[in-house]
Amino acid sequence: MSYPANRRQFLQTAALGSTLGAAAEFGFLSGLPRVSAQEAKLEKGLVPLRAEIEPFVRLIEETPRNRLLEVVGQRIHAGASYREVLASLLLAAVRNVQPRPAVGFKFHSVLVVNACHVASLSGPDEDRWLPLFWALDYFKSAQAEESQKSGWHMQAVDESKVPAGPHARQTFIEAMDRWDVAQADVATAGIVRSLPATEVFELFARYAARDFRSIGHKAIFLANAWRTLQVIGWEYAEPVCRSLAFALLNHEGEADPATSDLAPDRPWRENLSLVERIPAGWLQGKVTDDAARDQITLYRTASPAEAMAAAVRQLELGVSAASVWDGNFIASGELLMRQPGIVPLHGLTTANAMHFLWQNVGDDTLRRRLLLQACAFTSLFRDAAERRGKLQALSIDDVLQPNAQPGTVTQEAIFSDVGRDGLSAARKLQSFLSTGGDPYGVIDTARRYVFLKGRDAHDYKFSTAVLEDYGHVTPTWRPLYLALSVFNLKGSGDGDSNLVARTRAALGA
C-alpha cells in the first residue's frame, strides 16, 4: 500500500518522541534489541522466514499466559526478529481461535494483530515491541476462552479434495456463492497455492464486503490479514486465508443466504445495477466540499438504497470519489459523537477497511461496488446504532465552533477532556487544528496514550484506523475528522493499563 505524503511525514515524525515523556515511561524496554522502522516494513523480494517458525508458534500456544511475555522476551534476546514474533502471533491466533459464533468478540485476537503492528510501526524504535506484547497477552485470553467453550483448533486441510490449479479459482467462486464452508476451505487452499497473491486478494474482496453481518468485521479481517501477510510473507497465507474464508461464510442463526432474500445481503445485490450508471472517468471527478456535506446530511436519515443512489448521482455530476469518501468518513465520525460506543466505532473501522479494499483492488466494476457498499454500510451503522438507543441531538455543526485565537488551546487541554467531556475535547481539537496546531503531534500523542492506557482490542483497532484515515480525508475535512475521533480515544485522565507494569516485571527490569 502506498501512503499519502502526510502519512509518510507522520511515520518520520512519530519517532521524535511525544509530550508524554516516552523515554522515561518505556525505558525498561531498552534491554531488548531495537526494531528499526525499516525492519518492520516489507521489503521487495523479502527472504521467507526461517523454518523454525512452527516451534515459535507452539511456544506461544503452549506457554501459560502469566509467563508468555517473559518467554518471548528471552527469544527476542536470543535473536528472534520482529517479523518472527508478528508471524507467530498471527498463526497462533488463526489456529486456535475461530470466527464463530461471530466474526468478533474473542476473534479480535486475530483482527487486532495488524492494528498492533501499525501502532508498532508508528512509534519510536525503543517502544516498538510494546503493542505486540499487548497482543500476545490478549491472544492468551482469547485462546483460553475458545478452549473453555469449544476446544476448537484449525484442522489440516483435506488434501485429497484440494482443487488443481486451473480449477481452483472457479471452485472457490462457486463455493463462496453457495456459502459452502467445506468446499470453500479446500478451494481456499487451492487458490493460495495456484494464484498470484493479488488475485487471491481480489477474489476475497468480492465476498468480504457483500454482507453486513458482524458489523463490518468481515471486511476488517480481509484488510488486516492482507496487510499483515505483506509484512510476514505470503508463505504463511494458507492458514490465514482458510480462517478468512470461514469468517466470510459466517451466517449463524439464519436461513441459507444463497437461497434466501435476507436484509444483510440486499445492498450488494442492489448495487450491481447501480454501478452501470457511474460514468467513465469517474475517478477524475472534482473534489467539492458541498457534495460531501450533502452526503453527511443525507446519512442522518437515508436508507442504504438511498445512500447508494445519492452517491451515484454525485458521481454522475462529476464529483470526485474522494468527496463521496469524505461523506462516509465524516458521517461515521458524527454518528460516534451522537452515540459513543461499540456500534458507531465500528462504522469508522469498517470505513477504513472498505477504503483499503477500494484502494487495492484492480477491477473497475468491483471498485465501484465497494464504494457504493461503503455508502450503504454508513446508513446501516446508523440503523444499528438507533436499535441500541436514542442518538444524541448533535451534528458536526456543534463541533465547528468559532475558532480560538492561535496558541490559546494546548494538547494538554485537549487530552484532559478526552474520555471526560468528548464534545469539549472535539471543539478544542477543531480549534487547535484550524488555527495552525500540529496534527501529527496530536496523532503521536493519541497513539502514545493508547500504548499507556489501552485495555481493549478496540483501543488499538480504532486508533489505528482513524489516525491512518486522517490522511485519506481531503484537507478541508481533516481537522473535523480528527476532532470527531476523540469520542473513542484515550485521554490523560484514563487509567493506565497494567500491561506496562506486567511487561516490566516479565523482562526483569
Side-chain angles (χ1 to χ4, degrees), residues 22-35 39-40 49 52-97 106 108-147 228 231-232 447-461 463-464 490 495-509:
E25 291 288 349
F26 298 105
F28 67 92
L29 290 176
S30 61
L32 293 180
R34 288 194 175 193
V35 183
E39 183 185 354
L49 293 171
E52 289 83 0
I53 196 73
E54 174 64 26
F56 203 160
V57 174
R58 291 201 302 272
L59 180 81
I60 293 172
E61 292 172 335
E62 296 168 4
T63 302
R65 182 180 183 182
N66 63 353
R67 294 190 56 241
L68 181 62
L69 303 187
E70 180 181 35
V71 170
V72 172
Q74 291 169 354
R75 288 295 298 265
I76 293 168
H77 278 298
S81 72
Y82 176 94
R83 281 194 182 87
E84 286 177 287
V85 177
L86 184 67
S88 299
L89 169 61
L90 180 62
L91 294 173
V94 298
R95 191 156 72 177
N96 291 274
V97 186
K106 66 185 184 304
H108 278 99
S109 59
V110 175
L111 300 173
V112 80
V113 171
N114 177 69
C116 289
H117 162 65
V118 173
S120 295
L121 187 68
S122 303
D125 285 358
E126 64 270 19
D127 303 338
R128 208 172 297 280
W129 292 106
L130 190 61
L132 290 193
F133 272 61
W134 181 91
L136 284 163
D137 181 74
Y138 184 71
F139 159 69
K140 295 304 292 187
S141 67
Q143 180 189 28
E145 182 180 349
E146 185 72 82
S147 178
T228 308
V231 176
I232 67 175
R447 199 181 299 278
R448 304 295 299 137
Y449 274 126
V450 172
F451 279 27
L452 276 173
K453 301 171 183 294
R455 296 172 177 273
D456 183 83
H458 297 102
D459 293 329
Y460 277 98
K461 281 177 55 198
S463 61
T464 295
K490 293 296 183 183
D496 288 351
S497 166
N498 65 358
L499 183 62
V500 175
R502 287 187 60 233
T503 305
R504 180 185 289 115
L507 297 174

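The model shown is predicted, which means the values in this text are computed figures rather than measured ones. Index from 1, following the sequence.
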Which distance, rounded to the nearest 0.5 Å, do you find between the CG of Asp496 and the OH of Tyr449?
9.5 Å
Would you check, one step at a time, whether the test side-chain contact (heavy atoms from CB on, under 4.5 Å) holds for Asp456 with Asp459?
CA-CA 5 Å; Asp456 183 83; Asp459 293 329; 3.7 Å; yes
Going through the distances and angles, do Phe139 and Val97 end up as a side-chain contact (heavy atoms from CB on, under 4.5 Å)?
CA-CA 9 Å; Phe139 159 69; Val97 186; 4.3 Å; yes
Heavy-atom closest pair, residues Ala93 and Ser109:
CB-O, 3.9 Å
Does Trp134 offer a backbone N or O that forms a donor-acceptor pair with the side chain of Asp137 under 3.5 Å?
no
Residue pair Ala80 / Phe56: nearest heavy atoms and the distance that separates them
CB-CE1, 3.7 Å
On a heavy-atom basis, which atom in Ala119 and which in Pro131 lie closest, and how many Å separate them?
CB-CG, 4.1 Å
Please report the closest heavy-atom contact between Glu146 and Asn96, naming both atoms and the distance.
CG-O, 3.2 Å
Any Tyr460 side-chain heavy atom under 4.5 Å of Phe451 side chain
yes
Taking the side chain as every heavy atom from C-beta outward, state whether Tyr82 and Ser120 have any pair of such atoms under 4.5 Å apart.
yes
Would the distance check show the side chain of Lys140 and the main-chain N or O of Thr63 forming a donor-acceptor pair, the cut-off being under 3.5 Å?
yes
Could you check whether any side-chain N or O of Ser88 sits under 3.5 Å from a backbone N or O of Glu84, counting only pairs where one atom can act as donor and the other as acceptor?
yes
Considering the options Val231, Thr228, Thr464, which one meets the side-chain contact (heavy atoms from CB on, under 4.5 Å) requirement together with His117?
Val231
Pair Glu145, Arg65 - check salt bridge (charged side-chain N to carboxylate O under 4.0 Å, His left out), show working.
CA-CA 12 Å; Glu145 182 180 349; Arg65 182 180 183 182; over 6 Å; no
Which heavy atom of Glu61 sits nearest a heavy atom of Ala92, and at what distance?
CG-CB, 4.0 Å
Sub-4.5 Å side-chain heavy-atom contact between Arg95 and Gln143
no
Run through Leu132, Leu90, Ile232 and flag the one making a side-chain contact (heavy atoms from CB on, under 4.5 Å) with Val85.
Leu132
Closest heavy-atom pair and its distance - Arg455, Asn498:
NH1-N, 4.3 Å
